Structure formats: C-alpha cells, structure tokens
Amino acid sequence: MKKFIVFLTICSFIVLFVPGISFLMKKVERNSKLDVVEVNGLISEIQQNWGKSFEYPNCSFGYAVLDSKGNLIYKDNYWDVDSIVKATEERDTIRDIVVDDKVVGKLIIYNNMLTLEDEIVAKYTRQYMTSAALVFLFLILGLIWIYIRVVKPFDSMKEFATAVASGDLDKPLEIDKGNVFGAFTESFDIMREELALSKDRELQANISKKELVAQLSHDLKTPVASIKAMSEVLSVKEDREPVKNKLTAIGDKADQIDRLISDLLVSTLEELERLEINTSEIESTELEKILRASDYKNRLAVVDVAGCIVMCDKVRVGQIFSNIIYNSYKYADTDIYVEGVTDTDSLHISITDRGGGVPSEELNMITEKYKRGSNASEEQGAGLGLYISKELMEDMQGSLEVTNADGGFRVILSFRLA
C-alpha cells in the first residue's frame with residue numbers, strides 16, 4: 001500500500017510538472033521577442049528629433065538613449081541600466097542612432113526575458129500549486145475510497161479466514177455488496193454457514209455414537225450380572241466337580257466382561273456430557289413393570305406405588321432402576337422395599353434395602369463420579385451407577401437423593417407429575 005501511494009504521488013508530479021515546464025519555456029520564448037517594426041519606428045523618430053527637445057514615446061519594451069560619448073540622454077522607468085558596459089552585462093540589445101551617416105548615439109533596449117521568466121514562473125507556480133492541491137485532494141479521496149472499499153473489506157476477510165481456521169464458525173462475516181469483495185463476501189459467509197452445519201452434524205453424530213456405547217454398556221451390565229448370579233446358584237446346587245468348575249469359570253468370565261464394560265463406560269463418559277432424554281407421559285403402573293423387570297433375583301419384597309401419571313423417559317428409567325437394584329444386590333443382598341407417594345407436583349419412589357447403609361459422612365459424595373462408600377471396597381465397581389442415575393433424573397427434571405433408613409440404604413427418586 002505504501003509503495004502504491006508513493007507511485008501515485010510521483011506520477012502526479014510528473015503529469016503536472018513536465019507539461020508545465022514545456023508551456024513555460026514556450027511562453028517565455030514567445031513573449032521575449034521584440035517587435036522589429038516598433039524598434040525601427042523608435043529609432044527613426046529619435047534620429048529625426050536628434051538634438052531637439054521632444055517627448056520620448058512609450059513603447060512595449062524598456063529602452064535608454066546614450067550620446068556618442070556614453071552620456072545618458074533618456075531612460076524610462078523599466079530598468080536602471082545607464083551605460084554600454086552595464087547593458088552588455090545584462091545582454092541588452094544595442095542599436096546605433098545614425099544622423100547624416102554619422103553615429104551620434106546608442107539605443108539600448110532592455111532584455112526583459114528574465115523579468116518575463118520571473119513573472120511567468122510566479123504565475124505558473126500559483127497555478128501549479130492549485131492544481132497540485134486538487135490532485136492531492138482527489139488522491140486522498142481516492143485512497144480513502146480504496147481503504148473503505150478494498151483494504152478494510154480485505155482485512156475483515158483476513159480476520160474472518162483466521163477465525164474460521166481456528167474453528168470459530170459462529171461470527172458472521174458482514175456483507176456489503178458495495179465494496180469490491182461484495183460477491184466474494186457473501187460466498188465466504190455461505191461457506192462459513194455450511195462449515196458450521198457440517199461441524200454440528202459431525203458433533204451430533206459423535207455424541208450419538210457415544211450415547212449408543214454408553215447405553216449399551218449400561219444395558220449389558222444387567223444380563224452379565226444375571227449370568228454371574230445364575231452361575232453361582234447352579235454352582236451351589238451342583239455336586240459334580242467338573243461341572244461345578246465350569247460354572248465357576250462362567251462366573252469368572254462374567255466378572256471379566258463386567259470389568260471390560262465398566263472400562264468402556266468410563267472412557268465414554270469422559271467425553272460424553274449428556275445422554276439424550278425423550279420424556280413422555282407414563283403411568284405409574286408402567287414404572288412398576290420396569291422395576292420388576294430390573295429385579296432378576298426377585299428381591300422386591302414390597303412394591304407399593306401410588307397411581308398417577310409422570311413425565312419421564314422409559315429407557316432411562318430402566319437404566320436407573322437397574323443401577324439401583326444391581327447396587328443393592330452387590331452391596332446389601334437383602335430384600336428390597338419400594339414405596340411411591342405423591343405430593344402436589346411429584347411422585348417420590350423410595351427404594352430401600354436392609355444392608356446397613358453407608359457411613360453418614362459419605363452420603364453426600366457417593367452420587368459423584370467415581371465415588372464409592374468405604375464399605376464397598378471389597379466389591380468391584382467404578383463408582384458410576386448412582387452418578388449416572390442422578391444425572392439422568394435431573395435431565396428429566398426430577399431428582400435423586402440418598403439416605404440411610406430402616407436399617408439399610410435408601411434411594412429416593414422424584415418424578416415430575418404430568
């Protein structure tokens with residue numbers, strides 16, 4: 001940009017200066033020529049009146065008259081030359097005054113070229129400065145136009161490209177079809193919108209994949225636990241040693257699969273913020289069915305849930321019940337008592353075992369990610385069951401609370417009434 005400005009300035013000076021100098025020299029040359037007829041007429045009049053008293057005429061040029069001895073006879077007001085020597089120094093024109101074939105004096109005509117040059121230079125300088133000012137004014141206006149219509153939009157496009165490269169696709173590019181890059185600006189903004197849509201689609205696809213992995217991981221834990229439980233029951237009833245060993249191996253493999261599922265679940269939850277929730281109106285009798293379907297050991301001693309309609313996601317509720325009941329199997333291994341009561345806006349379902357509960361000082365932390373009670377150290381687990389269940393309940397605009405009650409551990413699930 002700087003080089004461009006310098007180039008325009010030099011061109012402007014050349015365009016103004018070169019023709020001006022040429023015009024000046026021609027005008028000086030033209031105005032410095034003497035009118036020969038006027039000069040000859042003046043000499044003739046002086047010769048006719050030589051030695052007489054007469055009034056010297058005014059001419060278009062300055063002049064002086066000297067006698068043959070160099071004495072000044074007449075001088076006009078144009079100049080101060082009064083001798084042949086001075087006239088020679090000034091390069092003035094010197095003509096003889098001849099009377100009766102005898103040179104009686106000299107006519108010195110003033111060389112006005114320098115004066116004309118000064119006058120013309122002064123006049124041209126004024127004109128040149130005026131023209132230069134106008135040129136610079138137009139140049140500045142042109143540069144302002146270039147900055148507004150070319151440079152500034154280009155800088156905006158540069159910042160936009162940097163933002164897009166860094167992944168910021170939310171800030172739109174201001175469209176001004178009046179600048180040079182108007183059409184390109186619109187195209188670039190369309191490109192940004194398409195990139196943003198593509199990025200969102202990719203993000204949603206990745207989240208969907210992670211949700212699927214997380215959901216399958218949760219759902220797989222329940223049948224694996226069932227396999228382990230059935231292998232343990234059969235092993236107790238079986239007397240044949242080879243068969244009993246195989247049933248024990250099945251239980252060990254189930255434990256191994258459970259650990260692998262837990263590892264997969266942990267790695268998925270590290271990146272997954274929320275599972276998708278689709279709430280709808282569900283009758284409380286449906287909740288009872290989901291509860292009993294999650295109880296594969298048939299430990300539900302009492303299930304008493306008030307009749308009502310709640311807002312929840314059946315799939316997520318199944319995960320929540322499975323997590324809570326599976327924890328009760330693993331840590332308490334007692335009968336489970338379920339009671340559901342309503343108030344003005346919620347259904348509160350309490351799920352209670354008789355396993356002694358957890359230390360009271362640990363109740364506030366066992367619903368956090370990777371947190372487990374100190375009495376659970378002997379059992380395998382990742383500390384995610386209650387955490388996931390609480391997150392899912394909150395996503396359904398409900399809540400999950402834990403407490404110790406009736407000689408065991410109690411989980412209270414609150415569902416929003418429809």
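Nothing here was measured: the structure is a model prediction, and the numbers come from that model. Atoms considered below: every heavy atom in the structure, side chains included; atoms not considered: hydrogens, waters and symmetry mates.
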Looking at every non-hydrogen atom in both residues, tell me the closest pair between [X] and [Y] and how far apart they are.
X      : Y      : answer
Asp76  : Phe61  : OD2-O, 3.9 Å
Tyr329 : Ser294 : OH-O, 4.2 Å
Thr342 : Ala306 : CG2-CB, 4.2 Å

Nearest 0.5 Å, what's the [atom1]-[atom2] distance between [X] and [Y]?
X      : Y      : atom1 : atom2 : answer
Leu300 : Asp335 : CG    : CG    : 9.0 Å
Tyr74  : Ile108 : OH    : CD1   : 13.5 Å
Gln397 : Cys312 : CD    : SG    : 12.0 Å
Ile227 : Ile250 : CD1   : CD1   : 8.5 Å
Asp353 : Thr334 : CG    : OG1   : 4.5 Å
Arg416 : Ser346 : CZ    : OG    : 9.0 Å

According to the salt bridge (charged side-chain N to carboxylate O under 4.0 Å, His left out) rule, which pairs have a member within residues 289-315, sequence neighbours left out?
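Output for this query lists Glu286-Lys289, Glu286-Lys314, Arg299-Asp333.
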
Could you walk me through whether Leu417 and Cys308 pass side chain to side chain contact (heavy atoms under 4.5 Å, CB included), step by step?
CA-CA 7 Å; Leu417 292 178; Cys308 61; 3.9 Å; yes

With Val338, the side chain to side chain contact (heavy atoms under 4.5 Å, CB included) member among Ile324, Val303, Ile325, Val302
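By the side chain to side chain contact (heavy atoms under 4.5 Å, CB included) criterion, Val338 pairs with just one of Ile324, Val303, Ile325, Val302: Val303.
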
Can you find a heavy atom in the side chain of [X] that is under 4.5 Å from one in the side chain of [Y]?
X      : Y      : value
Ile84  : Lys106 : yes
Ile309 : Ser284 : no
Ile412 : Leu400 : no
Leu107 : Asp96  : no
Glu45  : Pro57  : yes
His348 : Asp343 : yes
Ile366 : Phe409 : yes
Ile320 : Met396 : yes

Audit row: Asn40, Arg95, side chain to side chain contact (heavy atoms under 4.5 Å, CB included) steps and yes/no
CA-CA 10 Å; Asn40 291 335; Arg95 296 284 299 272; 3.4 Å; yes

Who pairs with Tyr337 by ring pair (Phe, Tyr, Trp, His ring centres under 6.0 Å), at least two apart in sequence or on another chain?
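Per chain and number, Tyr337 pairs via ring pair (Phe, Tyr, Trp, His ring centres under 6.0 Å) with no residue.
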
What side chain to side chain donor-acceptor pair (under 3.5 Å) pairs are there with at least one residue in residues 400-410, not counting sequence neighbours?
Thr352-Arg410, Asp406-Arg410

Just checking [X]: does its [atom1] atom have more than 12 heavy atoms from other residues, nucleotides or ligands closer to it than 6.0 angstrom?
X      : atom1 : result
Asn58  : CG    : no
Glu38  : CD    : yes
Glu361 : CD    : yes

Show the numbers, then the answer: is there a side chain to side chain contact (heavy atoms under 4.5 Å, CB included) between Leu386 and Asn323?
CA-CA 7 Å; Leu386 288 176; Asn323 281 334; over 6 Å; no

Classify the angle between the aromatic ring planes of Tyr63 and Tyr56 as parallel (below 30°), tilted (30 to 60°) or perpendicular (above 60°).
tilted

Evaluate side chain to side chain contact (heavy atoms under 4.5 Å, CB included) for Ile351 paired with Leu413, printing each intermediate quantity in order.
CA-CA 8 Å; Ile351 304 173; Leu413 302 174; 4.3 Å; yes

